[in-house]
Number of protein chains: 2
Amino acid sequence: MKARAPAAIVKKRGVTIHAVARQAGVSISTVSRIINGSAYVAEDKRRAVEAAMQALGFQPNYLAKTLMTGRSMSIGVIAEDIVSPHYADVIRGIEHALLDTPYNPVVNSGHWSRTYETRAIETQIYRHVDGLLLLGSTLPDDALLDVASRVPLVMFGRVVPGLEAHCLSMDQRRGAYLATRHLIELGHRAIVHLGGPALQQDALERRHGYRQALLDNDLPVRPDLELTGDFIEQPAYQALLHLLETRVPFTAVFAANDQMAAGARLALHRKGLRVPDDVSLVGFDDVPASAYTIPPLTTVRQPTYHIGQGLATHLLNVVQGRPSQLPAFELSLVIRESTRVLR
Amino acid sequence: MKARAPAAIVKKRGVTIHAVARQAGVSISTVSRIINGSAYVAEDKRRAVEAAMQALGFQPNYLAKTLMTGRSMSIGVIAEDIVSPHYADVIRGIEHALLDTPYNPVVNSGHWSRTYETRAIETQIYRHVDGLLLLGSTLPDDALLDVASRVPLVMFGRVVPGLEAHCLSMDQRRGAYLATRHLIELGHRAIVHLGGPALQQDALERRHGYRQALLDNDLPVRPDLELTGDFIEQPAYQALLHLLETRVPFTAVFAANDQMAAGARLALHRKGLRVPDDVSLVGFDDVPASAYTIPPLTTVRQPTYHIGQGLATHLLNVVQGRPSQLPAFELSLVIRESTRVLR
DNA sequence: CTGTTAGCGCCTTCAC
DNA sequence: GTGAAGGCGCTAACAG
């Protein structure tokens, strides 16, 4: 007579294929075959097994299955920050693309931190995701190459040498160029650039585009008009407020993303300046909310939802060994009502 | 001599405890004991094993481990919609609370659909999450009770009879009451309510609160001032635009969430009405962006980030068998600049 | 077509 | 303290 663990700790064992097999009077392999459709099974046995599964409420054990097959039918998604509306919209596209497939997304944030991002990646790999989708990354190239050697990897917003075929990145520089040129065409000459984090790749590209547009139009690149933010509202608000207080004259602002544009917008409001009558304002990303700001924001559109779909579809193809190519997406200037001709 | 599968399909086997054991000259049980600290092991063997693990880059197999122990060290999080800024902020709180624990969040969207939500829940359970956190739910009470019988469940934004101790829900009615009363105190008498989906519980509660405030102040409940939206901008915009075109007079709008307030704001703008000079506007939720609208939005604040932390902490306690109680949170009216005294 | 037989990588008694 | 042996639930050859 064996001593048993206290009842409270006894593992609740589920019903297994053994139980189903016994109930249906067949062997476990037959049950397995029916579950996975991996071979033809006589009609009568199939029915018996199906009835047994039904009656017992059988559910195959995911862990045992994955342990055997090596496939978990899940796709890891790690965004710098789930909360950012920009990434959120990409995630929406990914989720929708996966909805009608047997794969499930598993999403986490990297919190803009190498430590946390690394941990998230390791955890996902540890959990045996079949593929990994990185939306932005703070990790160095070699770390990403290492990750790619361990699991199929597709990246957004970053081009890693050696992984080009699986990196989707749009021409940020061109987007910024379009935005800045738009302002110049409206007659603006003193254009503030509210840039993103000093080391972030997209932020750098956008700054380049801004400068290039100035240069191409014989306008000076003025350090006093280049501000640095953090892709969120508050620091942008502060930075622009500070600039306004120094009384450096300008007539337009190009913010490196929509959230910073919102911060800038409020700073202008605080100083009694109207958009677009006193100052024109352009953002970047076209997050969903930007169509509803007052006035609706002129911005550079990244088709984030479709990008998400494209990323997911491509990764799925790769995971399943199908030939695939990442689709190309274009940045475009969406002219709404926050910009106008300089009077 | 056995035939082997083609090299290309050969599973890349990782290094297992067997390899470590061999390398260290001990048995696999000893290795297991060291990994889990489940028993004392002689110092020299411990060192040998640790060296071997290091040298081989050993990583325990999550699936095998979970298959044995029944614990996956993961917490499922299912939000109606990850993309909604409201839920996103709750998720942020959850992620942060879990950061310093051995548990990892696994987040998915229910897409405001019973089908998808059910699928997400089943998938998570199938993946053996140790606990489940539902942020909103479209499922009927009995379905949720059933889920709770299979896995530790904590809910936000919904009170399920029989699960009260694990349901966190704030007094939506009171929040709406505060908002409406604020408008009334400012002198408004014709107050439009831009409500949420007709069947959604929070939406209903908020509508009740709105009506109650009117009644308590001897103001009539007027069906022509009650609009229905969908918790997003576009339908709200349309609805209010339509109302404005029917020329029903009103001086204030109470929207059932901030996103609808943004839609309403644009409709007013389109008709040349200024906020708050011509019309006062109040929202609900206080999503991060609302502090940066023009003018900054008066709204009912739900401390979403802290709620997320509270939910996660409680669930963790439950999962680990510690006594725990869900913290209580208060709704509060944040008065910013979108409301003013009726002239 | 179907049953038998090995494992997948790990944890956990059970003897020593 | 430590090793051997037996599963966890399932898939995948291998023989019939």
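Each chain gets a letter, A, B and so on, in the order the sequences are listed, and its residues count up from 1. Hydrogens, waters and symmetry mates play no part in the numbers below; they use all other heavy atoms, side chains included.
- Separating the CG atom of B/N61 from the P atom of D/dG9 is a distance of 17 Å, rounded to the nearest angstrom.
- Residues in residues 136-168 of chain B take part in these ring pair (Phe, Tyr, Trp, His ring centres under 6.0 Å) pairs, two or more places apart or across chains: B/H166-B/H314.
- Salt bridge present: A/D89 and A/R92 bring a charged side-chain N and a carboxylate O closer than 4.0 Å.
- With the end axes of the helix from C/dC1-D/dG16 to C/dC16-D/dG1 each set by five pairs, the angle from one to the other reads 40° at 10° resolution.
- When heavy atoms are screened at a 4.0 angstrom cut-off, B/F58 is found touching the sugar-phosphate backbone but no base atom.
- To the nearest angstrom, P of C/dG7 lies 18 Å from CG of B/L67.
- Not a single salt bridge (Lys or Arg N to Asp or Glu O under 4.0 Å) links A/R114 to another residue, sequence neighbours left out.
- Under the side-chain hydrogen bond (donor to acceptor under 3.5 Å, both in side chains) criterion, B/H306 pairs with no residue at all, not counting sequence neighbours.
- Among residues two or more places apart in sequence or in another chain, the ring-ring contact (aromatic ring centres under 6.0 Å, His included) test is passed with B/F329 by none.
- Comparing D/dT2, C/dC8, C/dG9 by their nearest atom to the side chain of A/M68 picks out C/dC8.
- A/K65 has no side-chain polar atom (N or O) that falls below the 4.0 Å cut-off from OP1 or OP2 of D/dC8.
- Take A/R158 and apply the salt bridge (Lys or Arg N to Asp or Glu O under 4.0 Å) test, not counting sequence neighbours, and it matches A/D141.
- Ion pair A/E50/A/K45 not flagged as a salt bridge, since none of the NZ, NE, NH1 or NH2 atoms sits closer than 4.0 Å to an Asp/Glu carboxylate oxygen.
- Of the residues in residues 19-44 of chain B, B/V26, B/S27, B/S29, B/T30, B/R33, B/Y40, B/V41, B/A42 come within less than 4.0 Å of DNA chain D through at least one heavy atom, sorted by number.
- Sorted by first and then second residue, the pairs that involve residues 75-102 of chain A and meet ring pair (Phe, Tyr, Trp, His ring centres under 6.0 Å), not counting sequence neighbours, are A/H96-A/Y305, A/H96-B/H111.
- Taking atom NE2 of A/H18 as the reference point, atom P of C/dG3 lies 13 Å away to the nearest angstrom.
- Residues passing the salt bridge (Lys or Arg N to Asp or Glu O under 4.0 Å) test with A/D142, sequence neighbours excluded: none.
- Looking at residues two or more places apart in sequence or on another chain, you find no ring-ring contact (aromatic ring centres under 6.0 Å, His included) involving A/Y103.
- Between B/R71 atom CZ and D/dC8 atom P the separation is 17 Å, expressed in whole Å.
- Atom-to-atom, CZ of A/R46 to P of C/dC1 comes out at 11 Å; the value is rounded to the nearest Å.
- For DNA chain C, no neighbouring residue in residues 118-132 of chain A is found when judged by any heavy atom under 4.0 Å.
- Contacts of B/H128 classified as ring-ring contact (aromatic ring centres under 6.0 Å, His included), with partners at least two apart in sequence or in another chain: none.
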